[in-house]
Amino acid sequence: MQTELSSPHDHSGSSSRVMMLQVMAALLPATLVAVWLFGWLALLQLGFAITACVVIEWGVLRLTGRDGSAALDGSAALTGLFLALVLPAAAPWWVALIGALAAITLGKQLYGGLGYNPFNPALAARVILLVSFPLQMTTWLIPLPLPGGIDLAHFSNAWTIFTGGVAATGQPFDAITAATPLGRLKTALHGGATVPEALAAAHYSLVDALLGREGGSMGETSALALLLGGLYLLRVRVISWQIPTSYLASVALLAAIAHAIDPDRFAPAPFHIAAGGLMLCAFFMATDPVTSPVAPRAQIVFGIGCGVLTWVIRTFGGYPEGAMFSVMLMNCLVPLLDRHLRPPVYGRGAGSLR
Amino acid sequence: MHSWQRMGVRLLGGLLPLARPWVHPEMHEDAAAAPIESAPLPPLFVVPVRQHIGESAEPVVDVGARVLRDEPIARPQGYVSAALHAPTSGTVVKIEEHAIVHPSGIGMRSIFIEADGEDRSTGGWEGWPDWPERDPAELRERIRACGIVGLGGALFPTFVKLARDPRHPIETLILNGVECEPWLACDHRLMVEEAERIVAGMAILRHVVGAARCVVAIEENKPDAAEAMERASIAGGLHDVAVRLLPVRYPQGSERQLIETITGRQVPAGRLPLHVGVLCVNVATSAAVADAVLQGRPLTERVVTLGGEAMPQPANLRVRIGTPIDFLLRRQGLLDLEGIEIIQGGPMMGERVLYPEAPVTKGSNAILAMARRPVEPESPCIRCGHCLQVCPAGLMPNELAAHCRNDRFEQAEAFHLFDCIECGACSYVCPAHIPLVHYFRYGKGQVAAIRRARAFADASRRRSEAREERLRREQEERAARRRSRRPAAGAGVEERKQ
Ligand code: SF4
Ligand code: SF4
């Protein structure tokens with residue numbers, strides 16, 4: 001098709017590839033925190049997951065007779081980066097490999113490739129892994145910041161953990177693992193403790209949670225680093241404010257109200273905001289352009305939906321973390337939201353809610 | 001800027017102001033400092049018979065006729081149509097198809113005038129310095145006779161807009177001095193240099209439609225134009241004219257968007273500005289109205305910006321209608337057209353000039369020479385939503401384009417494909433380089449074709465139904481006649497039998 005015949009004859013110069021690069025740049029703080037906390041292990045996971053995703057994408061494209069160079073459009077590498085960041089640092093290499101396979105084939109190419117997947121591929125992969133390998137996916141290393149942390153600073157030790165599962169220090173594996181704050185809270189509440197008791201017993205500190213010195217996936221532990229990246233994305237206008245704002249606000253609001261009603265049973269808002277994958281989901285997963293609504297009002301409803309579901313799953317569900325599931329649940333509603341919350345068309349009255 | 005530099009700027013990002021939802025194309029205004037000059041006369045003029053929205057005009061001169069400047073050479077046909085006048089004195093040498101600027105590359109019937117070099121005029125009509133005493137209808141008729149159309153690019157015959165409708169009185173007259181596209185400077189220069197003409201036209205227009213208030217809309221990057229307009233308004237005795245400075249954004253100059261910015265009201269879909277009490281006129285049109293009424297001079301020339309990154313000398317030229325574009329390019333020192341793109345209008349909404357020998361018409365506000373951009377391959381839509389954030393019509397371009405591309409025209413229409421003003425903002429920002437406007441044009445073209453086909457089918461169905469109806473009626477009439485001839489035999493008898 002001769003497309004050049006039509007106006008406009010100029011372009012802003014933006015491109016999908018640059019946008020992917022911008023998202024990767026936004027993940028840089030969280031990535032650096034992961035390296036700070038988990039040392040060589042983090043670098044190994046990152047390198048492995050990214051390479052695996054790009055190679056698998058290239059393979060799938062070639063097998064289906066398409067142009068393999070699209071594997072370099074940045075989207076596969078970004079999926080790899082996301083994947084590494086949602087894995088526990090201790091996940092063995094084959095878990096990462098299966099994750100990469102799941103992300104690219106089941107999460108993306110099965111639906112027709114870039115732009116057609118209903119879920120963020122890395123998120124889909126994480127859910128698949130969580131269901132298939134619950135043990136490996138919930139073995140959280142105690143993050144011990146460099147320098148002076150555990151021997152993971154040494155490449156050989158990291159390699160052993162990454163491949164084998166027992167630290168070369170000779171310590172039993174259990175000694176260097178810990179549950180996430182959300183997990184500890186859930187267990188304690190089940191055991192009959194109140195929220196303040198549970199948090200005190202776990203030596204919970206908000207500062208640690210903000211900095212990331214807590215158990216969790218490599219990239220989701222530091223709320224501050226993720227916030228930094230999220231603000232950058234807002235600044236360069238890769239994402240718009242609607243989703244992260246409505247998402248975080250609704251979680252905070254629900255948590256605050258519940259906490260005010262019964263502080264013994266419901267954790268306070270700052271705990272919820274800093275804990276688990278909320279920041280990662282609010283700024284990176286829920287805003288994934290491909291899988292989120294495009295219409296501004298639909299984005300707000302989408303964000304509120306994510307927030308309500310996250311809080312409900314965390315508080316009443318059987319699984320301690322709810323951010324990821326809620327985003328995927330809301331992803332299913334995207335076509336509906338975009339269809340019914342269209343922007344008002346010029347000259348056709350305020351509401352085009354039809 | 002090199003692509004890697006651009007990429008660097010994007011990655012750093014902090015330099016970009018947080019400003020959506022509007023497009024801010026880089027506003028090159030190289031021609032803004034170039035005073036208006038008169039272009040030389042070419043040896044041969046080509047005047048296409050349609051330079052306006054509506055019906056083509058009908059030539060009133062024959063081949064071989066000698067004409068003087070300002071002499072009518074084609075008269076309007078129908079209500080929405082505009083007269084054409086000879087741009088110079090000379091001889092009509094032929095009337096046949098010639099290339100014009102049109103996306104399809106089609107030609108148009110044109111009147112060719114060989115200039116005699118003397119450039120003698122008929123002198124036009126009698127000037128009316130006493131216009132305030134005249135009836136608006138009379139002024140409107142003069143504007144019509146002078147062939148004035150919207151020079152901002154809309155090309156709508158001006159007198160049609162000036163019709164007074166008692167149900168919709170015009171409250172606000174907006175003079176559009178907004179040039180929201182990069183490179184354009186013709187209106188800017190006109191405001192700076194000939195504000196008096198524009199203001200004179202404004203006074204006349206206001207008198208014709210009876211507007212209570214006048215607003216001049218200018219972008220804030222043209223303070224000199226605003227100052228000139230303000231000064232001229234006061235000098236012209238129009239003390240209540242409001243000069244409004246508007247932020248530089250795109251597409252601000254588009255009539256409906258401008259009306260919303262100035263009055264806060266949207267023109268309802270399918271209606272006209274007059275339905276919200278507004279008349280919007282481009283500043284160059286206003287100047288042409290002044291010439292028509294005060295001096296009796298028809299529209300035979302306009303100011304054209306010659307610009308673009310590949311134009312050796314940017315300029316603003318007063319050009320006679322019918323001057324071949326390549327003649328002007330040569331004057332600006334642009335001889336080699338290899339590897340560049342000639343565009344009529346701005347880069348956002350302009351048309352590519354496929355044949356440089358095509359003439360300047362009433363709608364040619366700019367001729368740009370742009371470096372040919374490499375064609376970026378279209379990649380999949382990543383649903384970033386940027387297109388929708390910049391769309392002034394409130395559409396969802398990504399979805400509309402998908403419907404058009406997959407020939408789902410009914411859905412496209414249901415989602416207001418025809419509300420798209422083809423401003424190009426969506427294509428401009430799309431990171432996937434999807435030629436959205438291209439798909440919309442395709443969709444609109446197909447829908448129009450389908451409608452035509454349907455109308456044709458309906459008409460022929462109605463014709464055949466009418467024919468059958470007529471045949472049946474004729475048969476019945478024949479039968480009735482037969483019966484009425486028979487009654488002598490037994491009508492009365494049958495009646496009695498019942
Ligand atoms: S700007 Fe382009 S890539 Fe983004 S949603 Fe619109 S069509 Fe899709
Ligand atoms: S070209 Fe049409 S769809 Fe695109 S931004 Fe302009 S009005 Fe909206």
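When the candidates B/G385, B/C387, B/G350 are compared by the number of heavy-atom contacts under 4.5 Å with chain A, B/G350 comes out ahead. By number of non-hydrogen pairs under 4.5 angstrom with chain A, the leading residue of B/E181, B/M370, B/R256 is B/R256. The candidate with the highest count of non-hydrogen atom pairs below 4.5 Å against chain A, out of B/A393, B/A432, B/P380, is B/A393.
Judged purely by atom type and a 3.5 angstrom limit, B/R383 has no side-chain atom pairing as donor or acceptor with the backbone of A/G115. Of the possible polar contacts, one joining the A/S14 side chain to the B/V429 backbone as a donor-acceptor pair under 3.5 Å is found. Checking side-chain atoms of B/H386 against main-chain N and O of A/R237 turns up a donor-acceptor pair under 3.5 Å. Remark: the backbone N or O of B/Y428 is paired with a side-chain donor or acceptor of A/S12 at under 3.5 angstrom. Judged purely by atom type and a 3.5 angstrom limit, A/Y346 uses its side chain to pair as donor or acceptor with the backbone of B/V267. No donor-acceptor distance shorter than 3.5 angstrom exists from the side chain of A/H9 to the backbone of B/I342, with no hydrogens or angles considered.
Distance check, rounded to the nearest 0.5 Å: CG of A/D288 to SG of B/C384 gives 11.5 Å. Expressed to the nearest 0.5 Å, how far OG of A/S16 lies from CD of B/E376 amounts to 10.0 Å. Distance check: A/S6 OG to B/Y439 OH gives 11.0 Å after rounding to the nearest 0.5 Å. Once rounded to the nearest 0.5 Å, the distance linking SG of B/C430 with NE2 of A/H11 reads 6.0 Å. Note that CE of A/M20 is 5.0 Å distant from CD1 of B/I382, once rounded to the nearest 0.5 Å.
Electrostatic pairing of A/R342 and B/E399 counts as a salt bridge here, judged by a charged N lying under 4.0 Å from a carboxylate O.
Closest non-hydrogen pair, A/S15 versus B/H433, comes out as CB-NE2, 4.0 Å. Nearest heavy-atom pair across A/D10 and B/R373 is N-NH2, 3.5 Å.
Heavy atoms of other residues, nucleotides or ligands lying less than 6.0 angstrom from CZ of A/R66 number more than 12. Open room surrounds OH on B/Y355; 12 or fewer heavy atoms of other groups in view lie less than 6.0 Å from it. No more than 12 heavy atoms of other residues, nucleotides or ligands shown are found within 6.0 angstrom of CD on B/E410.
Counting only heavy atoms from C-beta outward, the side chains of A/P8 and B/S427 approach each other to under 4.5 Å. Residues B/M348 and A/S7 have side chains not in contact (no heavy-atom distance under 4.5 Å, counting atoms from C-beta outward). Residues A/P343 and B/M396 meet the side-chain proximity criterion, which asks for heavy atoms closer than 4.5 Å.
With a threshold of 4.5 angstrom between heavy atoms, A/V23 does not approach chain B through any atom at all. If you measure heavy-atom distances from A/S292 to chain B, the contacts under 4.5 Å come from the backbone alone. Neither the backbone nor the side chain of A/D73 comes within contact range of chain B; no heavy atoms are under 4.5 Å apart.
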